Amino acid sequence: MSRGSGLGVPRPDTDPRQGASSWLARLVDVRPGEAPALAWSWAYIFSILAAYYVLRPIRDQMGVAGGIENLPWLFTGTLVGMLVLNVPFAWLVKTLPRARFVPLTYRFFAANILLFAGALYLAAPESEIWIGRAFFVWLSVFNLFVVSVFWATIVDVFSTEQGKRLFGFIAAGATLGAIAGSATTAILARDVPTWALLVGAAVLLEVAVFSMRGLARLSERLHETPVTGEARPSEAIGGSAFAGITRTFRSPYLLNISLFLLLFSVTSTFLYFEQAGIAKRSFPDRGAQTAFFASVDLLVNLLTLGIQFFLTGRIVRRIGVGPALALLPAASILGFAALAVSPTITAIVAFQVLRRAGNFAVARPIREVLFTVVPREDRYKAKSFIDTVVYRTGDQLGAWSFTGIAALGLGSTAVAVTAIPLSIAWLLNSLWLGRRQEERQARQQEFKA
């Protein structure tokens with residue numbers, strides 16, 4: 001097949017069966033028959049991220065209002081929530097086919113959102129602090145679960161080869177949803193009651209359910225299960241409700257994916273606490289704090305979108321999975337070194353924006369490629385455990401480490417110095433994962449042959 005310039009995508013006029021429009025073909029290497037699944041994937045993740053980013057600035061403001069000194073306890077509550085929900089979720093995966101357990105998961109969270117909206121509508125002012133703390137914990141559980149379930153579904157639908165071509169572009173749909181959600185809250189936060197924003201987020205989750213079902217209808221014809229003996233997408237996966245935990249600890253590959261996420265989470269929490277402190281010192285008004293958080297989110301997502309459209313696909317094809325994963329820890333080493341030398345407000349915010357954009361645009365979609373070479377049971381059970389419990393364990397380590405450093409009277413420089421060796425270990429872990437992913441993919445291709 002002839003190739004054009006730029007990202008190395010097929011010229012639209014070389015294949016009359018090409019389902020995507022010419023503008024899409026110029027952005028992503030989409031093959032015949034893939035465009036409908038790509039469109040449903042976009043609608044699916046757009047809805048989820050729009051819902052989350054309507055809610056995220058509200059959560060961040062409530063976290064500040066409840067006292068920055070209480071944030072470590074809220075992170076502890078989040079970890080407990082993750083542990084509590086993982087077993088019933090794994091039971092749903094074990095018992096029900098994907099077309100049933102995914103909608104049930106999203107509708108459960110939508111019902112929770114409506115309960116919070118009603119509580120805020122009826123609450124007396126003095127009780128809003130406690131509602132806010134509960135909402136902070138709940139949303140921190142919500143965002144990891146719903147996004148993890150989305151990517152588990154995507155990994156189940158697309159093959160490894162398709163993932164390398166398409167996951168970055170699918171992630172751009174997430175970014176557009178995040179831009180829409182954060183922009184909505186930034187514009188409306190001062191004039192629209194919080195409960196009304198929550199109702200809008202619940203409606204968006206129902207759109208996600210509709211989109212997931214559209215994608216599921218295409219899955220069996222798009223990508224067959226790579227390992228014999230596994231349940232088909234239309235069947236329940238089976239196995240144990242605790243398999244996500246046991247299979248993770250028995251697999252060096254899954255353990256190293258866990259380590260990747262743990263190190264990312266610890267270092268991200270360091271930066272999150274710094275940003276929360278900046279907001280509290282700089283913006284005394286609660287509406288202004290919410291608008292500030294939403295504006296930072298908007299800036300992150302605009303930068304992310306540009307990288308996803310024009311760089312993500314090119315990066316992974318040119319340097320491979322391992323080096324692509326290593327870009328974020330390499331940037332973190334440089335960023336924390338800069339903060340150690342000059343821990344200014346401007347430097348912290350700039351580093352946070354660049355790091356989050358690098359994660360969303362490159363590290364996150366490439367990390368999902370790692371799960372395309374594991375069995376279906378691991379894609380849902382082990383992945384859910386890693387994306388939720390392991391991630392929030394990293395939050396815990398980061399939150400209490402930050403608190404301990406502050407208790408010793410040390411500031412941002414000490415935090416940055418602590419994060420540098422963690423980022424070096426993270427970089428080495430990324431390269432190891434890249435090599436193991438390639439080996440597993442080669443074995444799968446040999447099996448199919």
Side-chain angles (χ1 to χ4, degrees), residues 52 56-57 59-64 66-83 133 136-145 147-148 257-280 293 296-297 300 328-329 331-333 335-340 343 345 347-360 363-364 367 386-408 410-427 429:
Y52 171 58
R56 178 187 165 100
R59 179 204 68 174
D60 290 343
Q61 185 279 317
M62 287 178 171
V64 171
I68 295 175
E69 68 280 1
N70 293 317
L71 284 178
W73 293 106
L74 297 182
F75 277 70
T76 300
T78 299
L79 177 59
V80 172
M82 291 295 184
L83 289 168
R133 288 171 178 166
F136 186 101
V137 171
W138 175 85
L139 190 66
S140 299
V141 173
F142 160 87
N143 79 302
L144 293 186
F145 257 103
V147 174
S148 178
I257 295 177
S258 300
L259 179 61
F260 180 97
L261 206 57
L262 190 77
L263 293 170
F264 167 74
S265 179
V266 169
T267 52
S268 295
T269 302
F270 286 168
L271 286 177
Y272 179 84
F273 274 58
E274 289 288 348
Q275 180 179 284
I278 290 167
K280 187 168 185 177
F293 287 124
V296 171
D297 289 341
V300 168
L328 188 61
S332 296
I333 294 168
F336 282 117
L339 289 182
I345 291 175
I348 291 170
V349 173
F351 180 30
Q352 174 79 305
V353 169
L354 292 172
R355 178 186 156 99
R356 285 177 60 196
N359 176 53
F360 295 142
R364 180 61 194 257
R367 193 177 82 231
I386 293 168
D387 285 352
T388 59
V389 175
V390 172
Y391 187 98
R392 289 309 181 197
T393 299
D395 281 346
Q396 281 291 286
L397 293 173
W400 289 108
S401 297
F402 187 96
T403 301
I405 291 170
L408 294 173
L410 304 174
S412 298
T413 298
V415 172
V417 169
T418 302
I420 291 172
L422 296 178
S423 299
I424 293 172
W426 181 20
L427 186 149
N429 161 261

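Keep in mind that this is a model prediction, so the values were computed, not measured.
- The heavy-atom pair separating A340 from A416 by the smallest distance is N-CB, 3.6 Å.
- Between S148 and D387, the shortest heavy-atom contact is OG-OD2, 2.9 Å.
- Shortest non-hydrogen contact noted between L328 and G358 is CD1-C, 4.1 Å.
- Side-chain contact check for T388 versus V141: every heavy-atom pair is 4.5 Å or farther apart.
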Please walk me through it: do L271 and R356 pass side chain to side chain contact (heavy atoms under 4.5 Å, CB included)? CA-CA 10 Å; L271 286 177; R356 285 177 60 196; over 6 Å; no

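- To the nearest 0.5 angstrom, Y391 atom OH is 9.5 Å from S140 atom OG.
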N/O donor to acceptor pairs below 3.5 angstrom from side-chain atoms of residues 419-426, sequence neighbours left out:
from, atom 1, to, atom 2, distance (Å)
S423, OG, A419, O, 3.0

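- Between L408 atom CG and T403 atom OG1 the span is 11.0 Å, to the nearest 0.5 Å.
- A 4.5 Å side-chain heavy-atom check between L397 and T269 finds every atom pair outside the cut-off.
- A distance of 13.0 Å separates CD1 of I386 from CG of L144, quoted to the nearest 0.5 Å.
- Contact detail for R355 and F336: the closest heavy-atom pair is NH1-CE1, 4.1 Å.
- Remark: V147 engages I48, L49, W151, R364 in a side-chain contact (heavy atoms from CB on, under 4.5 Å) (not counting sequence neighbours).
- Judged as a side-chain hydrogen bond (donor to acceptor under 3.5 Å, both in side chains), and not counting sequence neighbours, Q352 has no contacts.
- By the side-chain hydrogen bond (donor to acceptor under 3.5 Å, both in side chains) test, R392 pairs with N143, D395, sequence neighbours left out.
- Not a single side-chain hydrogen bond (donor to acceptor under 3.5 Å, both in side chains) links T393 to another residue, sequence neighbours left out.
- Remark: T418 pairs with no residue by the side-chain hydrogen bond (donor to acceptor under 3.5 Å, both in side chains) rule, at least two apart or across chains.
- Note that CD1 of I405 and CH2 of W400 are 14.0 Å apart. Values are rounded to the nearest 0.5 Å.
- Ring geometry, F270 versus F402: the interplanar angle falls from 30° to 60°, so the pair is classed tilted.
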